[in-house]
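Just below is one structure, and these are the notes that go with it.
What you see is a predicted model, and the numbers here were worked out from it, not measured in a lab. For the single chain, residues carry numbers from 1 onward in sequence order.
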Amino acid sequence: VFGTGRMAATFLNVLKQSQKQITAVVSSDFKRAQNFALKHGIQNFYSYENIDFDKFDIAYIATVNKRHMPDSLMCLQKGKSVLCEKPMP
């Protein structure tokens, strides 16, 4: 999950009900990623500087609108499937 806001939390709550495993959270701020991960029981947390793309297969992009395209493209270039919460410009 890229992002730590309300939509990311809502998405996680739905995934938890379906017994899906969330393995990582990414934020522009490492401490925010850590706090979000601890709150939601996620093992791995990263800032943009230290993302370990081997820790996940699919990226859900729940960042602010201006980050949707760069985050989606970054993940696609690393061979990850992407679900972006809103259309990219």
Side-chain angles (χ1 to χ4, degrees):
V1 173
F2 279 65
T4 57
R6 184 175 48 87
M7 289 309 299
T10 299
F11 183 74
L12 287 179
N13 288 333
V14 171
L15 280 182
K16 285 178 186 176
Q17 293 174 6
S18 66
Q19 305 297 314
K20 300 299 179 192
Q21 183 181 13
I22 300 96
T23 59
V25 64
V26 178
S27 175
S28 59
D29 179 87
F30 182 79
K31 193 69 172 168
R32 195 173 326 139
Q34 182 181 36
N35 290 339
F36 189 86
L38 292 172
K39 179 178 179 180
H40 294 282
I42 301 170
Q43 248 183 331
N44 305 291
F45 44 91
Y46 308 101
S47 66
Y48 284 96
E49 292 80 28
N50 70 341
I51 301 170
D52 183 354
F53 285 92
D54 292 333
K55 295 293 184 184
F56 59 92
D57 299 316
I58 300 167
Y60 173 64
I61 309 299
T63 51
V64 296
N65 290 352
K66 69 180 182 178
R67 294 276 339 152
H68 286 176
M69 187 164 57
D71 291 346
S72 294
L73 291 174
M74 175 177 47
C75 291
L76 290 168
Q77 289 169 346
K78 294 291 186 175
K80 303 303 173 183
S81 298
V82 171
L83 174 60
C84 187
E85 74 169 16
K86 294 184 186 87
M88 293 186 289

Taken to the nearest 0.5 Å, the spacing of Ser81 OG from Tyr60 OH works out to 15.5 Å
For residues 26-37, which side-chain donor-acceptor pairs fall under 3.5 Å, sequence neighbours excluded?
{"unit_1": "Ser27", "atom_1": "OG", "unit_2": "Asp29", "atom_2": "N", "d": "3.2"}
{"unit_1": "Ser27", "atom_1": "OG", "unit_2": "Asp29", "atom_2": "O", "d": "3.4"}
{"unit_1": "Asp29", "atom_1": "OD2", "unit_2": "Lys31", "atom_2": "N", "d": "3.2"}
{"unit_1": "Asp29", "atom_1": "OD2", "unit_2": "Arg32", "atom_2": "N", "d": "2.7"}
{"unit_1": "Lys31", "atom_1": "NZ", "unit_2": "Gln34", "atom_2": "OE1", "d": "3.3"}
{"unit_1": "Asn35", "atom_1": "ND2", "unit_2": "Lys31", "atom_2": "O", "d": "3.4"}

- In sequence, state the C-alpha distance, the side-chain angles, and the governing distance for Phe11 and Ile22, and then conclude on side chain to side chain contact (heavy atoms under 4.5 Å, CB included). CA-CA 10 Å; Phe11 183 74; Ile22 300 96; over 6 Å; no
**OP:** Verify, without hydrogens or angle tests, whether Ser18 (side chain) and Leu15 (backbone) share a donor-acceptor contact under 3.5 angstrom.
**Re:** yes
Is there a path of hydrophobic side-chain contacts, each under 4.5 Å between heavy atoms of I/L/V/M/F/W/Y residues, joining Ile58 to Phe56? no
Original post:
Under 3.5 Å, is there a donor-acceptor pair linking the side chains of Gln21 and Thr23?
Top reply: no
Looking at Leu83, I want to see if its CG is surrounded by more than 12 non-hydrogen atoms of other residues, nucleotides or ligands under 6.0 Å.
yes
Heavy atoms of His68 and Thr63 approach each other most closely as NE2-O, 2.8 Å
As a quick check of understanding, evaluate side chain to side chain contact (heavy atoms under 4.5 Å, CB included) for Leu12 and Val1, giving each step before the final call. CA-CA 8 Å; Leu12 287 179; Val1 173; 3.7 Å; yes
Heavy-atom side-chain proximity of Met74 to Ile51 below 4.5 angstrom: yes
**Message:** Against the six-membered ring of Phe53, is Lys80 placed for a cation-pi contact (under 6.0 Å from the centre, within 45° of the normal)?
**Reply:** no
Shortest non-hydrogen pair, Cys75 vs Ile61, comes out as SG-CD1, 4.4 Å
message = side chain to side chain contact (heavy atoms under 4.5 Å, CB included) for Phe2 and Arg67? Distances and angles first, verdict last.
response = CA-CA 10 Å; Phe2 279 65; Arg67 294 276 339 152; over 6 Å; no
Are Val25 and Val82 connected in the hydrophobic side-chain network, where two residues link if heavy atoms are under 4.5 Å apart? no
Closest non-hydrogen atoms of His40 and Lys16, given as atom of the first, atom of the second and distance, are O-NZ, 3.2 Å
